[in-house]
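The block underneath contains the structure these notes are about, expressed in structure tokens.
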Amino acid sequence: MGKKTLLASWKERGIAKDKRLLKAFLSVPRELFVKDIPTEEVYEDRPKPIGEGQTISQPTTVMIMTEALEVKAGQKILEVGAGSGWQAALLGKMAGRKGKVYSIEMIHSLAEFAKNNLVKARAGNVSVVEGDGSKGLSNEAPFDRILVTAACPKIPRDLITQLKDPGILVAPVGGINGSQKMVKLRKNKGKITKETLGDFSFVPLRGEFGFGRQ
Ligand code: SAM
């Protein structure tokens, strides 16, 4: 499967209708963010291993989550779970030169992997921070948008606190095994509303407000 096949399937399914998102996808080469994957598999619509038992997420899932975040130019965004850095690079494109993305990664070797990949992709407005993202990133809060790319038992309270009003947070929520519901949470005029975007399957969120240590 190549880029063209993916784009055609998204068009048919009404995914990634936002032209800015498609432009971001086309301008951030996924091949810079994978590890030991044959070229012909880079754009397969599957998660791929990146080491340490973790994955770079499936392209379609990344498009659905990014579209749900409704990112606007100039926004400040927090991603929890940098992994390869690919999702963060896409968010960086969406936020533009005046925007800023912080992506937290708990595993040292992956934080380094993401940092190197983001340098190769010239994603100058994205910073990778090593640490426990289940607690958010209080010294850079509040954020216009927050994206969690690992399965949460429930949305960590600190993340909701660190979300601006108005703001949007997207996170897969559910058990450690099997699938989770993708939750889109909006904060507006002091009120929190939630909608569910379907079933997805993610590696677990670790840390204090995730599923703890392995
Ligand atoms: N967004 C990534 C990408 O574009 O490649 C994919 C993320 S992968 C599905 C989930 C990542 O979350 C893993 O790299 C994992 O180490 C990380 N992670 C899990 N719990 C975490 C935590 N509490 N804080 C920070 N990162 C965490």
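Atoms within a ligand are numbered from 1 in the order they appear, just like the ligands themselves. By convention here, the first residue in the shown sequence is residue 1.
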Checklist entry - So, Glu31 and Thr39: side-chain donor and acceptor under 3.5 Å apart, yes or no? => result no
Item to check | Residue list, side-chain hydrogen bond (donor to acceptor under 3.5 Å, both in side chains) with Ser27, at least two apart or on another chain | outcome: none
Next on the checklist: Whether the Lys100 and Ser127 side chains hold a donor-acceptor pair (N or O, under 3.5 Å, no angle test) is what I'd like checked.
Outcome noted: yes
Are there any protein N or O atoms under 3.5 Å from the N or O atoms of ligand 1? List them with distances, or say none.
from     : atom 1 : to     : atom 2 : distance (Å)
ligand 1 : 1 (N)  : Glu79  : OE2    : 2.8
ligand 1 : 1 (N)  : Gly81  : O      : 3.0
ligand 1 : 1 (N)  : Thr149 : OG1    : 3.3
ligand 1 : 4 (O)  : Gln87  : N      : 3.0
ligand 1 : 5 (O)  : Ser84  : N      : 3.0
ligand 1 : 5 (O)  : Ser84  : OG     : 2.6
ligand 1 : 14 (O) : Glu105 : OE1    : 2.7
ligand 1 : 14 (O) : Glu105 : OE2    : 3.4
ligand 1 : 16 (O) : Glu105 : OE2    : 2.6
ligand 1 : 20 (N) : Arg206 : N      : 2.9
ligand 1 : 23 (N) : Asp132 : OD1    : 2.9
ligand 1 : 23 (N) : Arg206 : O      : 2.7
ligand 1 : 24 (N) : Gly133 : N      : 2.8
ligand 1 : 26 (N) : Met106 : N      : 3.2

Checklist entry - If you measure only the distance, is there a donor-acceptor pair under 3.5 Å linking the side chains of Ser201 and Gln180? => result no
Checklist entry - Does the Glu52 side chain pair with the main chain of His108, one donor and one acceptor, at a distance under 3.5 Å? => result no
Checklist entry - Side chains of Thr60 and Asp45: is there a donor and an acceptor less than 3.5 Å apart? => result yes
